[in-house]
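Just so it is clear, the model here is predicted, and its values are computed rather than measured. Lettering of chains follows the sequences in order, A, B, ..., and the numbering in each one begins at 1.
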Number of protein chains: 2
Amino acid sequence: MDQTGEMVNKKRISESTIHRLSLYFRALSQLERENNETVSSKELAKREKLTPAQVRKDLSFFGSFGTRGLGYPVVELKNKIAAILGIDRSWKVALVGVGNIGSALVGYKEFTKQGFQIVKLFDNDQRKIGSNHKGIEVSDIDNIKEELTESDIELVILAVPAAVAQFVIDDVVRAGVKAILNFAPINLKVPDDIYLRNENMSMELEYLSFAMVNNHTPRKVR
Amino acid sequence: MDQTGEMVNKKRISESTIHRLSLYFRALSQLERENNETVSSKELAKREKLTPAQVRKDLSFFGSFGTRGLGYPVVELKNKIAAILGIDRSWKVALVGVGNIGSALVGYKEFTKQGFQIVKLFDNDQRKIGSNHKGIEVSDIDNIKEELTESDIELVILAVPAAVAQFVIDDVVRAGVKAILNFAPINLKVPDDIYLRNENMSMELEYLSFAMVNNHTPRKVR
DNA sequence: ATAATTTTGTGAAGCATTTCACATATTTGG
DNA sequence: CCAAATATGTGAAATGCTTCACAAAATTAT
Ligand SMILES: NC(=O)c1ccc[n+]([C@@H]2O[C@H](COP(=O)([O-])OP(=O)(O)OC[C@H]3O[C@@H](n4cnc5c(N)ncnc54)[C@H](O)[C@@H]3O)[C@@H](O)[C@H]2O)c1
Ligand SMILES: NC(=O)c1ccc[n+]([C@@H]2O[C@H](COP(=O)([O-])OP(=O)(O)OC[C@H]3O[C@@H](n4cnc5c(N)ncnc54)[C@H](O)[C@@H]3O)[C@@H](O)[C@H]2O)c1
């Protein structure tokens, strides 16, 4: 370890590589359903609109999983990637803000399949507190600190209005949660040791708008 | 123009720059609400966790909007960025798939504020066709070609199950739409002249999972 | 009016990511 | 069993993106 507490010699993996691992995982799941034993970097690349070299380079950061002349074993590689991404286990998730978007996310099967289980809901609306969504009772946001602290929830999805998002995330952080996915269109301040990702749909619409107005030729889609 | 029909000498603007323009727009909207006349690249950067140099470089691709020693005029810059992004106008949008996520998106105020107006809904579920969501009647997907062709809709949000997404997008493309925002977790095939963006929430959760498991220190949040 | 301060705009340098290209390993076909 | 074909893994080159650093311009202070 060095002074910052970081592993020395541990290669930096880029955000793009991690995102592509998700794509590989998705393609491999499909290949498995189609009963393919092996897959080449060429085929894997084609399925996610990438290049074969990119696929091989990405995988090479984590080991060598293929056989020359043959390709990669589908199921084995899928499991390896799941382990790398940390989705070879289940994560308990709490969702804060059971409104339009929050309700849509509760019970989204794809999350559960990937190991993300929403097991707790919070809101501050008296009409919602105590009500039941997909078998989960909505808790009072005022109890979030106690309820999260004594739970094994490590991840929170934040789906509250932007105006209150900073206050709510402060509570979430105080409750000891280290990873947060935020849907509010605002730059939230959190301590350095918290992993925070933002989902910003307007951004993608604006990208499309820009592309149309400017006849933009993107290097690639995302 | 060169052989490909592209403007020659038109600088390639990176995807990252375009996404940051959205962030600048958002920060400038807030600065306007706070009655700030001007803002420096330093302050703008701070508000979106970027660097001042990045802000200035991004803006410099499109012109020189600031005053040395003073900064950028808030309202003027906001309008300039809106024009660059193409959101200084209104875009008519159709949404296909009025399910969990689709319903959440209909009537999401933030979209309307940025000029994206959802004016048409499509579904294939007989129970939903004819019903009313936020004042919009749900149309039958079977009529999409005619209804879109004779409309001024230029953008489609696709919120149907992954299993049918390719068929539905084929219909959307045939109807002449050139820009699509897709929520289904699948790589859709479209002709080269179609702008397609994918919104993939699992990817962000998986990124968080990877970060936690690997003690990942990201270069920056997104 | 002048000096000190602030802040932009931008080439150039530095850094990160992607693509190339090929040695190497393995399979496939005869 | 050998030759041809296939496909990985990876340094090196190419490309792309971010940060640096500073001249130039404007403001602010005296
Ligand atoms: N609706 C969409 O399609 C959409 C899309 C993208 C992003 N978003 C963002 O997601 C967030 C939620 O949007 P929405 O449309 O679901 O809004 P919503 O008003 O339907 O839901 C917000 C929920 O948060 C709850 N809430 C409010 N204050 C709270 C607090 N202090 N503690 C706990 N809960 C609280 C409300 O009671 C409500 O249930 C917003 O930030 C919005 O900008 C929404
Ligand atoms: N629910 C979520 O939170 C969530 C999050 C991220 C992504 N997604 C993705 O968004 C898509 C929709 O998810 P959902 O949860 O809203 O599902 P859903 O089943 O609630 O909604 C899908 C809607 O599409 C309609 N539909 C089905 N086939 C159709 C067709 N051929 N033409 C037109 N409409 C058709 C259905 O009738 C339904 O109303 C899926 O691809 C899903 O993976 C959902």
(request) Provide, to the nearest angstrom, the distance between the CD atom belonging to E15(B) and the P atom belonging to dT15(D). (result) 21 Å

(request) Report the residue (G66(B) or S14(A)) whose heavy-atom-nearest nucleotide on DNA chain C is the more 5′ of the two. (result) G66(B)

(request) Can you measure from CH2 (W91(A)) to CE (M212(B)) and round to the nearest 0.5 angstrom? (result) 4.0 Å

(request) Check every atom of dC17(D), dG11(C), dT8(C) against the side chain of S16(B) and return the nucleotide holding the closest atom. (result) dC17(D)

(message) Strictly below 4.0 Å: does Y72(A) bring a side-chain N or O up to OP1 or OP2 of dT6(D)?
(response) no

(message) What is the separation between atom CZ on F62(B) and atom P on dG9(C), rounded to the nearest whole Å?
(response) 14 Å

(message) Salt bridge check, D193(B) against K178(B): does any charged N sit closer than 4.0 Å to a carboxylate O?
(response) yes

(request) Return the value, rounded to whole Å, for the distance between atom CD of E76(B) and atom C1' of dT8(C). (result) 15 Å

(request) Check the surroundings of atom NZ in K189(A): do more than 12 heavy atoms from other residues, nucleotides or ligands lie under 6.0 Å from it? (result) yes

(message) Would you say R12(A) places a side-chain N or O within less than 4.0 Å of OP1 or OP2 belonging to dC15(C)?
(response) no

(message) Taking only side-chain N and O atoms of T51(A), does any of them lie within less than 4.0 angstrom of OP1 or OP2 on dT19(C)?
(response) yes

(request) Indicate yes or no for a side-chain donor-acceptor contact from T17(B) to the backbone of D58(B) under 3.5 Å, with no hydrogens or angles considered. (result) no

(request) Measure from CG on L59(A) to P on dA7(D) and round the result to the nearest Å. (result) 16 Å

(message) I need the CG-C1' distance between L44(A) and dT8(D), as an integer number of Å.
(response) 13 Å

(message) Once you apply a heavy-atom cut-off of 4.0 Å, does K42(A) come out as touching a base, just sugar-phosphate, or nothing?
(response) nothing

(message) Could you walk me through whether L196(B) and I169(B) satisfy the side-chain contact (heavy atoms from CB on, under 4.5 Å) test, starting with their C-alpha distance in whole Å, then the side-chain angles of each, then the deciding distance to 0.1 Å, before giving a yes or no?
(response) CA-CA 10 Å; L196(B) 170 64; I169(B) 205 174; 4.1 Å; yes

(message) Check the orientation of Y207(A) and F210(A). Use parallel for under 30°, tilted for 30 to 60°, and perpendicular for over 60°.
(response) tilted

(message) Less than 4.0 angstrom from a charged side-chain N to a carboxylate O is my criterion; do E110(A) and R26(A) meet it?
(response) no

(message) Looking at Q54(A), I'd like to know whether one of its side-chain N or O atoms comes within less than 4.0 Å of OP1 or OP2 on dT19(C).
(response) yes

(message) Any base atoms under 4.0 Å from S41(B), or only sugar-phosphate, or nothing? Heavy atoms, all strands.
(response) sugar-phosphate

(message) Rounded to whole Å, please give me the gap between CG in L77(A) and C1' in dA7(D).
(response) 14 Å

(request) Would you mind reading off the distance between I18(A) atom CD1 and dA16(C) atom P, rounded to a whole angstrom? (result) 15 Å

(request) Whole angstrom is fine here: how far is it from CD in E43(A) over to C1' in dT8(D)? (result) 16 Å

(message) Return a single string for nucleotides 22-30 of chain C, one symbol per nucleotide in 5' to 3' order, where B is base contact, S is sugar-phosphate-only contact and - is none, cutoff 4.0 angstrom on heavy atoms.
(response) -BBBB----

(request) Name the closest nucleotide to the S60(B) side chain, picking from dT18(D), dT8(D), dG9(C). (result) dG9(C)

